[in-house]
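These notes are about the structure you will find just below.
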Amino acid sequence: MTSQHSSGQRDGLPIRDWYAAAERPKPIRDRYAKLEKLTELGVPAYSYSFDPTDDLTSALGRYEDDSEGIRVRVAGRLESLRDMGKSAFAHLGDRSGRLQVYFRQDDLSELDREIRKLLDLGDWIGVEGELFRTRTGEVTIRVESLELLAKSMRPLPLGKTEVTDDGESVVHSGFADVESRYRQRYADLAVNPEVRAVFMTRARIISALRAKLDREGYLEVETPVLQPLYGGAFARPFTTHHNSLDRKLFLRIADELYLKRLVVGQLDRVYEIAKNFRNEGIDRTHNPEFTMLELYRAYADYRTMMDTAEELVTEAALAVSGELQVSYDGHIVDLARPWARIPFFEAIENFGGFDARSADTDELRRRVQGAGRSDAAGLSRTKLLDVIFSEWVEPELVNPTIVFDYPIEMSPLAKPKRGDPELAERFEVIVAGTELVNAFSELNDPIDQWERFSEQVAQRAAGDEEAQTLDEDYVRALEYGLPPTGGLGLGIDRLVMLLTDRSTIREVILYPIMRDDESD
RNA sequence: GACCGGGUAGCUCAGCUGGCAGAGCAACGGACUUUUAAUCCGUAGGUCGUGGGUUCGAAUCCCACCCCGGUCACCA
């Protein structure tokens, strides 16, 4: 949408004429006419402040039966209006909920009557009056004074809310178009209370995790988003450029390497809740920018991290609903501890029915090809195992399952397993078919780390764009000495999806990425 | 990236065997001082995603493109 807006103009018109122009939808022209009328009356359409005594839900809660005369002063957005001439009922809405207000002509000043007639759905108003219960039983404010806080110049796509006999709210002809909802999230939030609820839950989850980690003595830190080298995960990065340094920079794909440097520096328990950026495809479980919790704890290994993972997720679930049984995508997921724990190769044996560890690469390839993957010929043993795991095992795991002891080639930042150096002390938590947590005993041997980085560099040279780069400064940090450390990454967006029963990541990200809107 | 579905009034949608572009809600005018999907009477509202083509005539058929969703592929 490109508009001409030089020197106070909009589409070549003085801005006031723009609102009144015939091309505007009628509701916008009407609202502008009301705005002018308000101005004539000397009523400011955009006020500066208001002091409510309560939010709408707590105002409602102050009413007790037979308790007439409770006076409240509240503010909110006009969500419905039933005008009966000399009186009118309306609902105000805010973050907490909605509350009915009753305008009675005889209760209002002459000016307030005029203002009331000029109200539109979507306007922000403040009212003051006493609570009472209507004939039909709804607690309502009898408005005695009215203040316009902000005029709405554009009709919100408000539906009509029907409250059925069993107390359910049904919205008729609401705002459902997915594309418009994401592009105009403000309208989505304004009109769909269940969308607001998702993001309030998201905030509760994050603060529960933060509170838990703070209690456990973890220090919250911030590490760079702009990095000269990227690392800590397998992914392609976004690149950018710093002008005055004249230097290429990457947006982080993970904060892992920076956090572990802090443990070297004796900040022995650290965490960060951070946006990561990965230059990859977009689908139901992937947004190019997403939020991840990473934490590192000195003297711990992956066994401790398994407990930590269980604690964090159950803590978050309890903060949301007080329950550990959550319904997700049509089935019940039981988050109660302890979670099932199963070694990686045993999981493949259980669900795939063969011993992948002793199978040679050709056999793995045959099996992957047999499952209809045409690209199997070009895949390395590591990638084949990855495919086998995600095709045969992940979809089967509904309740949280700790899958541990991954092949070491898949885990260049994890310590070799004690007594079995072909495996790494690494685990993932799979819930409802998707990966939620990734954790390991952190590799702290600088010599081993250098060799693992070197292998990654070789793979990169062989064409693997997602292989990691050799971060010499990180190895130097390890040379100073990283204590034995357990680390864990938890995908916040996916956790929110799980706990709010949303099947796409876009429903839990306020502003998911969209293509340019060139459809008009 | 491939295939499928979708884009029509401010919102939710119908119209798609080519023949004057429709409904409900919202809006506007009127009636109604305890309504609640308020009700009743009346009015107005559209580059049918964009561009091209076929046709006497295209929302409808054909081609290209844009955007959204789904499935698959890619990707932790």
Side-chain angles (χ1 to χ4, degrees), chain A residues 22-31 33-34 79-91 98 100-108 113 120-122 132-140 142 152-164 169-184 187-188 191-192 232-236 253-254 276 278-288 290 292 372-375 383 386-387 389-390 394 406 410-411 428 430 434-438 464-466 489 491 494 503-504 506 512 514-520:
Chain A
E23 296 82 42
R24 266 355 104 223
K26 185 78 168 4
I28 289 183
R29 300 201 308 269
D30 291 337
R31 280 159 191 249
K34 289 177 187 174
E79 291 185 347
S80 69
L81 181 64
R82 292 175 293 283
D83 185 352
M84 289 174 297
K86 295 193 176 60
S87 74
F89 285 88
H91 275 99
R98 51 190 353 220
Q100 182 167 259
V101 296
Y102 174 48
F103 300 103
R104 207 175 103 95
Q105 182 168 291
D106 296 348
D107 296 336
L108 296 175
R113 286 179 212 167
D120 287 301
L121 297 183
F132 74 109
R133 195 181 283 279
T134 62
R135 198 178 283 163
T136 48
E138 184 164 349
V139 174
T140 301
R142 182 182 287 107
S152 167
M153 292 295 285
R154 186 178 285 275
L156 277 170
L158 283 158
K160 287 199 162 190
T161 305
E162 176 188 12
V163 180
T164 57
S169 284
V170 185
V171 177
H172 298 267
S173 61
F175 186 47
D177 180 68
V178 176
E179 180 176 358
S180 310
R181 285 185 45 233
Y182 297 157
R183 288 193 195 280
Q184 298 186 46
D188 186 28
V191 153
N192 294 319
F234 299 99
R236 283 189 287 170
I253 59 171
N276 289 338
R278 297 187 185 175
N279 210 336
E280 293 163 352
I282 299 161
D283 65 25
R284 224 179 25 220
T285 55
H286 297 263
N287 194 65
F290 63 99
M292 181 100 122
R373 287 279 296 240
S374 52
D375 59 341
K383 295 260 179 195
D386 196 17
V387 169
F389 184 77
S390 45
E394 282 192 5
Y406 278 64
M410 297 169 80
S411 318
E428 289 193 356
I430 312 296
T434 55
E435 172 203 336
L436 184 66
V437 170
N438 184 21
D464 183 351
E465 285 188 79
E466 296 190 339
R494 288 182 184 177
S503 58
T504 82
R506 293 184 196 97
M514 302 288 270
R515 284 175 214 273
D516 278 349
D517 184 9
E518 288 167 3
S519 58
D520 63 0

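Residue numbers begin at 1 in each chain, while the letters A, B, ... track the order of the sequences. What you are looking at is a predicted structure, and each value in this text was computed from that prediction instead of being measured.
- A:P288 places none of its side-chain heavy atoms less than 4.5 Å from the side chain of A:N279.
- Distance A:N287 CG to B:C75 P: 19 Å, rounded to the nearest Å.
- The phosphate of B:U34 (OP1 or OP2) has no side-chain N or O of A:R142 nearer than 4.0 angstrom.
- B:G49 sits 6 Å from B:U8 when the P atoms are compared, rounded to a whole Å.
- Of the residues near RNA chain B, A:N438 and A:D120, the one whose nearest nucleotide (by heavy atom distance) lies more toward the 5' end is A:D120.
- Closest approach to the A:D177 side chain among B:C68, B:U34, B:U12 is made by B:U12 (side chain taken as heavy atoms from C-beta onward).
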Can you check nucleotides 23-26 of chain B for protein contacts, nitrogen or oxygen pairs under 3.5 Å, and list what you find?
{"from": "B:C25", "atom 1": "O3'", "to": "A:K160", "atom 2": "NZ", "distance (Å)": "3.1"}
{"from": "B:A26", "atom 1": "OP1", "to": "A:K160", "atom 2": "NZ", "distance (Å)": "2.4"}

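- The interatomic distance linking A:R284 (CZ) with B:A73 (C1') rounds to 14 Å, in whole Å.
- A donor-acceptor contact closer than 3.5 angstrom links the side chains of A:R31 and A:S152.
- The side chain of A:K34 contributes no N or O atom lying less than 4.0 Å from OP1 or OP2 of B:A27.
- Residue A:R154 is out of contact with every strand shown, counting any heavy-atom pair closer than 4.0 Å.
- Using N1 to N3 plus N6-O4 or O6-N4 for Watson-Crick, or N1-O2 and O6-N3 for G-U wobble, each under 3.5 Å, B:U71 pairs with B:A2.
- A:N192 places a side-chain N or O within 3.5 Å of a backbone atom of A:F175 that can act as its donor or acceptor partner.
- Counting to the nearest Å, the P atom of B:G30 and the NZ atom of A:K86 are 12 Å from each other.
- Taking atom C1' in both B:G10 and B:G5, one finds a spacing of 25 Å when rounded to whole Å.
- Using a 4.0 Å heavy-atom cutoff across all strands shown, A:T504 reaches sugar-phosphate atoms only and no base atom.
- The gap from the C1' atom of B:C41 to that of B:U54 amounts to 48 Å, rounded to the nearest Å.
- The side-chain contact (heavy atoms from CB on, under 4.5 Å) search around A:N287 returns A:E289, A:I505, A:I509, A:P512, A:I513, not counting sequence neighbours.
- Rounded to whole Å, the C1' atom of B:A23 lies 11 Å from the corresponding atom of B:G15.
- Comparing the P positions of B:C72 and B:A26 gives a spacing of 41 Å, expressed to the nearest Å.
- The CZ atom of A:R183 lies 4.0 Å from the CE atom of A:M514; values are rounded to the nearest 0.5 Å.
- Following rounding to the nearest Å, A:E162 (CD) and B:U12 (C1') show an atom-to-atom distance of 15 Å.
- In the set B:U33, B:U34, B:U35, the nucleotide with an atom closest to the side chain of A:E138 is B:U35.
- When both distances must be under 3.5 Å, the Watson-Crick or G-U wobble mate of B:A37 does not exist.
- Residues satisfying the ring pair (Phe, Tyr, Trp, His ring centres under 6.0 Å) criterion with A:Y102, sequence neighbours excluded, are A:F89, A:F132.
- When both distances must be under 3.5 Å, the Watson-Crick or G-U wobble mate of B:C65 is B:G49.
- In this structure, the CZ atom of A:F103 is 14 Å from the C1' atom of B:U34, given to the nearest Å.
- The partner of B:C20 is absent, by the rule that a Watson-Crick or G-U pair needs both atom distances under 3.5 Å.
- At a cut-off of 3.5 angstrom, the base of B:U34 holds no donor-acceptor pair with the side chain of A:R135.
- When heavy atoms are screened at a 4.0 angstrom cut-off, A:A233 is found touching no nucleic acid atom at all.
- B:U55 sits 16 Å from B:C63 when the C1' atoms are compared, rounded to a whole Å.
- When all heavy atoms of A:N438 and A:E428 are compared, the pair lying nearest together is OD1-CG, 3.7 Å.
- Judged as a side-chain hydrogen bond (donor to acceptor under 3.5 Å, both in side chains), and not counting sequence neighbours, A:E394 has no contacts.
- Straight-line distance between the C1' atoms of B:C25 and B:A14: roughly 15 Å, to the nearest whole Å.
- Separating the C1' atom of B:G70 from that of B:G29 is a span of 46 Å, rounded to the nearest Å.
- The CZ-C1' distance, from A:R24 to B:A27, rounds to 17 Å in whole Å.
- When heavy atoms are screened at a 4.0 angstrom cut-off, A:G85 is found touching base atoms of the nucleic acid.
- A:T134 contributes a side-chain N or O that forms a donor-acceptor pair with the base of B:U35 under 3.5 Å.
- Here the side chain of A:E280 is nearest to one of B:C75, B:A38, B:C67, namely B:C75.
- In this structure A:A235 satisfies the side-chain contact (heavy atoms from CB on, under 4.5 Å) test together with A:I253, A:R278, A:E280, sequence neighbours excluded.
- When the salt bridge (Lys or Arg N to Asp or Glu O under 4.0 Å) test is applied to A:D283, no partner is found at least two apart in sequence or on another chain.
- Between A:F290 and A:R104, it is A:R104 whose nearest contact on RNA chain B lies nearer the 5' terminus.
- When all heavy atoms of A:I28 and A:P155 are compared, the pair lying nearest together is CG1-CD, 4.0 Å.
- Across the protein-nucleic acid pair, A:D83 atom CG and B:C40 atom P stand 16 Å apart, rounded to whole Å.
- The partner of B:C25, taking Watson-Crick or G-U wobble pairs whose two distances both stay under 3.5 Å, is B:G10.
- Put simply, the side chain of A:Q100 and the base of B:U35 share a donor and an acceptor less than 3.5 Å apart.
- Of the candidate nucleotides B:G69, B:A38, B:C67, B:C67 has the atom nearest to the side chain of A:E179.
- Put simply, CD1 on A:I282 is 12 Å from P on B:G70, counting in whole angstrom units.
- Looking at heavy-atom distances under 4.0 Å, A:D283 makes contact with a base.
- Among the nucleotides B:C11, B:A27, B:U35, the one closest to any side-chain atom of A:M84 is B:U35.
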